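The structure appears right after this line, and notes come after that.
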There are 2 protein chains.
Amino acid sequence: MDETRLRLLNAAGPIFAERGYRATTVREISQEAGTNLAAISYHFEDKEGFYIAAVKHAAQGCMDRVPLPQWGAAVSAEEKLLGFVTTFLNRVAVDHDPAWHGQLLMREMVLPTRACAEFVRDYVRPMHGMLLGVLCELMPKSSEKERWLTALSIVGQCLHHRVGQAVMIELTGETAVAAFGVKKLAEHITSFSLAAIEHATKLRSSKSKLAAPGTNRRVDRPARKRGSR
Amino acid sequence: MDETRLRLLNAAGPIFAERGYRATTVREISQEAGTNLAAISYHFEDKEGFYIAAVKHAAQGCMDRVPLPQWGAAVSAEEKLLGFVTTFLNRVAVDHDPAWHGQLLMREMVLPTRACAEFVRDYVRPMHGMLLGVLCELMPKSSEKERWLTALSIVGQCLHHRVGQAVMIELTGETAVAAFGVKKLAEHITSFSLAAIEHATKLRSSKSKLAAPGTNRRVDRPARKRGSR
DNA sequence: GAGTCTATCAAACGTTTGTTTGAAATCAAA
DNA sequence: TTTGATTTCAAACAAACGTTTGATAGACTC
């Protein structure tokens, strides 16, 4: 039956997410799913194939649950960025009902397996494309590299609320998501990033209009060099 | 001898970092270290204790290699932030000689084991304190929560260059560290964050001087609400 | 140099693991 | 009902793993 296959996939997600691939036993999953041990080898080629199927299943469930926003023509780029950040946080950071989606996907990021390539193709790339689209609107005269760096800054801020969770709890006793809520966090990240984007835009235009150096001298390139070696 | 213990620890780091705890076998490490298999059980209580010792060893090596900067009284807060970001990137993101330091520590962050508490105490907390100190200089009239959010944004940007490495390569073919270099990345993150901080400071002062609403109306709170459920 | 403590080693142990096996059960079509 | 394919099941298998063992060699004290 196809139902057994689905029960296995649904049981696998949370367990793989919590324990990781190696520490998870197929016995544990089959028991949780209420199926026979051999069902995994029967419905999937082996444990690794099963794991990959489970990751894809989780990514699909995550995308279904928190779909990418769709905007009309009247929506400003700033609103789009807030929508993107909110979606991002809801997908990876928030511990709502299926807390394990983000956990599992993060595991794939940190210790990539064979599932990583498909994960990037189906899950990461669409979000990446959407963010770059918004950034094209926000920074129309920017170079591709500038947008790349900006995208990294925005994604890093979002992702940190999943990646840094354990350390945050150890460090301050609670996560920022719990303390502020997704809405507040999304607004912070959005306004933080918009301010930086706007500053860079101003800097660029003032630099292109008057080629004279020395104006608008800020701290962008301090003197000190530190750290390596 | 104490030399065997050291050889084991040095051999353990890269292997644990690459394969993860469960997928690493003590046989592999002992072979790489050129010691007998039983040496691990002899010098450490068991595999987990050995792993924890390896993590601590890696953290110590990382701190020795890239120490926290020390500033004189004349150094501006902006320079300090750049110094902090550079140190951070050099510690975790850069793939210099011992590429595995950051890798191993990141794993402890994302998938914490028993070593996490000590790791936070010895490694994370000093950096956290240093960053908050710099932020106190940069945003003297800010609330504690504002500084917390800002610190999260900065740390998230830095950490992403380690956490997101595998996905970056899958997505764009190369890491940002390889494409831009640490110096450029540190400058970007610093100026990005400074612009956001400055914007927030302006906003705060204009809000406190004239209590009249409606001025300085920006996009900080767009209308749309999206994502959850 | 005998005695004692420490360190190293090859070998083996017991457990857990993913996977396979062959029989039983279920279901659909003829 | 019979036939044949598909799915489930308990049991067993072989390999890999962390750990232990008992012997051996070295270092040091008296």
Side-chain angles (χ1 to χ4, degrees), chain A residues 1-58 100 103-104 107-108 111-116 118, chain B residues 1-58 100 103-104 107-108 111-116 118:
Chain A
M1 195 87 77
D2 211 43
E3 186 213 331
T4 303
R5 203 185 129 92
L6 238 163
R7 278 223 310 276
L8 282 171
L9 284 176
N10 285 328
I15 301 181
F16 273 132
E18 189 190 330
R19 304 226 203 298
Y21 172 72
R22 295 297 291 247
T24 300
T25 70
V26 291
R27 281 175 173 79
E28 194 179 358
I29 294 181
S30 65
Q31 190 170 344
E32 178 69 26
T35 72
N36 188 272
L37 167 64
I40 292 180
S41 293
Y42 181 78
H43 286 279
F44 308 87
E45 54 176 332
D46 57 1
K47 187 190 178 185
E48 192 184 352
F50 176 50
Y51 172 75
I52 294 175
V55 170
K56 289 175 72 172
H57 182 68
W100 50 272
Q103 179 87 3
L104 187 59
R107 250 179 220 280
E108 198 56 39
L111 192 55
T113 68
R114 266 180 36 206
C116 187
E118 301 184 59
Chain B
M1 195 88 78
D2 212 42
E3 185 212 329
T4 303
R5 203 185 128 93
L6 239 164
R7 279 223 311 277
L8 282 171
L9 285 176
N10 284 329
I15 301 180
F16 273 132
E18 188 189 331
R19 303 227 203 298
Y21 174 71
R22 293 298 291 245
T24 299
T25 70
V26 290
R27 279 176 174 80
E28 195 179 357
I29 294 180
S30 65
Q31 190 171 344
E32 179 68 27
T35 73
N36 187 271
L37 168 64
I40 292 180
S41 293
Y42 180 79
H43 286 279
F44 309 88
E45 54 177 332
D46 57 0
K47 188 189 177 185
E48 192 186 350
F50 177 48
Y51 172 75
I52 293 176
V55 170
K56 289 173 73 171
H57 182 67
W100 50 272
Q103 180 89 1
L104 191 57
R107 207 185 303 286
E108 193 55 39
L111 320 165
T113 69
R114 266 179 36 208
C116 186
E118 300 182 61

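This is a predicted model, so every value here is computed, not measured. Naming: A, B, ... by sequence-line order, numbering from 1 per chain. Just so you know, these numbers use all the heavy atoms, side chains as well, and skip hydrogens, waters and symmetry mates.
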Spacing of A:R19 atom CZ relative to C:dT16 atom C1', expressed in whole Å: 15 Å
Flag, side chain of A:R7 to backbone of A:E32, donor-acceptor distance under 3.5 Å: no
Which residue lies more 5' along DNA chain C, comparing A:A23 with A:A38 via nearest heavy atoms: A:A23
Nearest to side-chain heavy atoms of A:R27, which nucleotide of D:dG18, D:dT21, C:dT17: C:dT17
Side chain of B:K47 - closest among D:dT8, D:dT19, D:dA10: D:dT19
Main-chain N/O of B:Y21 paired to B:K47 side chain as donor or acceptor, under 3.5 Å: yes
Rounded interatomic separation in angstrom, taking CD from A:E3 and C1' from D:dT6: 16 Å
Donor-acceptor under 3.5 Å (A:R27 side chain, A:L37 main chain): no
Rounded distance in Å - CD1 (A:I40) to P (C:dT17): 13 Å
Closest heavy-atom pair and its distance - B:E108, B:R114: OE2-N, 4.5 Å
Sugar-phosphate only, base, or nothing, as touched by A:A39 at under 4.0 Å among non-hydrogen atoms: nothing
Rounded interatomic separation in angstrom, taking CD from A:Q31 and P from C:dT16: 14 Å
Interatomic distance, A:L8 CG vs C:dT19 C1' [rounded to whole Å]: 15 Å
Given C:dT6, D:dT20, C:dT20, the nucleotide with the shortest approach to the side chain of A:S41: C:dT20
Sugar-phosphate only, base, or nothing, as touched by A:T24 at under 4.0 Å among non-hydrogen atoms: sugar-phosphate
Phosphate contact (D:dT8 OP1 or OP2) by A:H43 side-chain N/O below 4.0 Å: yes
Closest to the B:T4 side chain, choosing from C:dT8, C:dT21, D:dT8: C:dT8
Interatomic distance where CD1 belongs to A:I29 and C1' belongs to C:dT17 [whole Å]: 13 Å
For atom OH of A:Y51 and atom P of C:dT19, their distance in whole Å: 15 Å
Candidates C:dC9, D:dT8, C:dG18 - which lies nearest the side chain of A:Y42: D:dT8
Sugar-phosphate only, base, or nothing, as touched by A:L37 at under 4.0 Å among non-hydrogen atoms: base
Touch class at under 4.0 angstrom, heavy-atom based, for B:T25 against every strand present: sugar-phosphate
From CD1 (B:I40) to OH (B:Y51), nearest 0.5 Å: 14.5 Å
Under-4.0 Å side-chain N/O to phosphate OP1/OP2 contact, B:N36 with C:dA10: yes
Separation of C:dG18 P from A:F50 CZ (nearest whole Å): 11 Å
